[in-house]
Amino acid sequence: MRKILLPALLFISCFELTAQADVAKLKEKAAAAADKMEAKTIAWRRDFHEYPELGNRETRTAKIIAEHLKKLGLDVQEGVAKTGVVAILKGGKPGPCVALRADIDALPVTERGDLTFASKQKTTYNGQEVGVMHACGHDTHTAMLMSVAEILAGMKSEIKGTVKFIFQPAEEGPPEGEEGGGYLMVKEGVMDNPKVDAIFGLHIWTHIEVGKIHYKSGSLMASSDWFTIKVKGKGSHGSQPWAGIDPIQVSAQIIDGLQAIVSRQSELTKAPVVITVGKIHGGVRNNIIPEECIMDGTIRTLDSDMQKEVHKKIKLTAEKIAEASGATAEVTIDTKTLVTYNTPELVKKMLPTLQTTVGANNLVETEWVTSAEDYSYYGTKAPSFFFFLGGMPKGKDSKTAPPHHTADFYIDESGMKTGIKAFCDLVFDYMNMK
Ligand SMILES: [Zn+2]
Ligand SMILES: [Zn+2]
């Protein structure tokens with residue numbers, strides 16, 4: 001028995017070592033290709049940056065993406081979730097289906113600064129004339145994924161499985177009254193046919209130095225809900241409040257009550273909760289108590305059960321506080337994104353990969369983030385891993401780096417190579433692990 005076992009074990013471990021060496025060679029080849037095509041990646045990014053398009057309106061961007069993917073010989077689907085593009089690369093060998101996702105939309109922000117490729121685009125947004133800017137770095141995501149597609153298409157015969165490239169519109173939210181984004185991509189079946197076994201996504205981050213990757217297992221980014229509370233009272237003269245029911249004063253109590261949900265009713269050691277009232281409107285004149293006051297706000301949670309609990313509590317708090325004063329409160333809550341959840345088993349399995357891509361010192365475990373991502377919807381359909389990629393120039397202070405969504409937002413383009421290599425390495429390792 002022992003005599004047979006030992007050679008068998010030796011054979012298996014030799015086989016594994018050879019397989020590992022083969023994968024390492026693939027990664028080297030992909031990395032060399034990423035370096036070689038850096039100028040092309042940058043040129044794509046600059047073009048998208050100069051001509052940004054808002055959510056569900058990314059027709060020029062989508063056309064450039066689709067033409068490139070078709071040239072690579074991929075099976076390309078256009079018009080997914082309005083302006084999305086999905087491409088399938090069938091490898092030369094059988095294996096799992098790995099999806100990679102990039103978002104392609106820009107924001108209604110007027111760009112400042114003197115980049116030669118700065119955006120001069122303008123549009124009307126919510127009735128206002130505004131500039132359009134890639135102020136969240138989605139231009140880099142698009143350019144990176146186009147590069148990954150080119151590299152992997154060039155290595156087709158060595159790929160064990162299928163790669164699905166997802167170029168998603170409207171991550172920042174569709175225009176009012178329209179559906180869109182990750183939610184609609186999933187609804188239109190992007191995770192099926194072929195069924196995705198694992199999905200990876202990244203976000204370039206202006207507060208992380210280039211060459212670094214930040215990750216977190218489990219919840220990473222918050223769910224985002226938008227809420228409106230309409231308080232109805234009774235109008236009266238400002239000098240005689242007892243003759244009416246003051247919806248402004250009731251709203252003030254409700255705002256206080258909402259903060260008590262965070263500070264007194266939520267188990268904050270489990271996960272953070274944020275409730276913000278960002279807009280309040282009621283009344284037209286100083287001595288008139290109006291009939292109505294309307295508040296708009298956002299809720300952020302990092303645990304989906306807590307998200308549901310907070311919804312119930314906001315409703316109860318607003319309604320009961322209003323009732324105590326003889327007013328009514330009507331609460332509507334609209335879920336924009338879910339919690340971006342990184343499947344712990346997948347993260348554990350793939351961390352050595354990222355460690356090899358960037359080096360142990362450059363792979364950093366991060367904290368919860370209370371901003372949100374509609375990438376979260378893909379995670380409801382397959383094991384998922386989303387991480388942050390460094391986009392801040394080396395030596396800069398992360399505290400003073402202009403934040404995402406602002407006019408001075410800036411990305412060091414040399415960070416894109418790392419993202420391309422990370423995606424390629426994840427694909428190769430995942431496919432060879434199964
Ligand atoms: Zn954004
Ligand atoms: Zn973004």
Side-chain angles (χ1 to χ4, degrees), residues 45 48-49 52-58 61-62 65 81 83-84 100-112 119 121 123 125-126 130-146 166-175 180-185 199-208 213-216 220-226 274 276 278 298 300 336-340 342 366 368-379 384-392 398 401-413 415-416 419 422-423:
R45 185 262 162 161
F48 294 133
H49 193 87
E53 295 168 302
L54 293 181
N56 283 0
R57 302 290 181 269
E58 312 91 329
T61 309
I65 297 166
T83 44
L100 303 172
R101 177 272 205 173
D103 40 10
I104 65 172
D105 58 321
L107 286 156
V109 172
T110 306
E111 182 160 8
R112 223 176 356 230
S119 163
Q121 303 301 303
T123 192
Y125 184 77
N126 285 345
V130 284
V132 187
M133 178 187 175
H134 268 294
C136 202
H138 300 181
D139 48 349
T140 68
H141 301 167
T142 312
M144 279 189 270
L145 196 55
M146 283 168 75
I166 302 175
F167 292 87
Q168 179 217 299
E171 193 284 322
E172 304 288 0
Y183 162 78
L184 192 58
M185 295 290 284
I199 180 161
F200 300 99
L202 60 78
H203 206 303
I204 203 144
W205 217 245
T206 184
H207 302 293
I208 301 173
I213 284 177
H214 285 201
Y215 76 95
K216 189 179 171 301
L220 171 69
M221 298 180 82
S223 60
S224 166
D225 306 290
W226 289 11
V274 174
T276 293
T298 188
R300 303 298 163 109
K336 298 289 179 190
T337 76
L338 310 175
V339 174
T340 300
N342 285 329
T366 190
W368 280 305
V369 176
T370 50
S371 55
E373 245 294 337
D374 75 355
Y375 173 88
S376 49
Y377 285 98
Y378 303 102
S384 161
F385 187 5
F386 188 81
F387 52 91
F388 296 121
L389 174 73
M392 183 183 75
S398 68
H404 288 246
H405 292 206
T406 65
D408 296 311
F409 176 75
Y410 178 81
I411 286 296
D412 183 335
E413 292 165 330
M416 290 196 284
F423 267 164

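Counting starts at 1 for both ligands and their atoms, in listed order.
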Angle at the Zn ion (ligand 2) (to 10°), with one arm to NE2 of His203 and the other to NE2 of His138:
110°

Cys136 near the Zn ion (ligand 1): N/O/S under 2.8 Å
yes

Any donor-acceptor pair under 3.5 Å from Asp105 side chain to Pro169 backbone:
no

Please name the atom of Glu172, restricted to N, O or S, that is closest to the Zn ion (ligand 1).
OE2

For Arg45, which residues count as a salt bridge (charged side-chain N to carboxylate O under 4.0 Å, His left out) partner, sequence neighbours excluded?
Asp139, Glu413

Option passing side chain to side chain contact (heavy atoms under 4.5 Å, CB included) with Arg101 (candidates Phe423, Phe167, Phe200, Phe386)
Phe386

Can you classify the ring geometry of Tyr183 versus Tyr377 as parallel (below 30°), tilted (30 to 60°) or perpendicular (above 60°)?
perpendicular

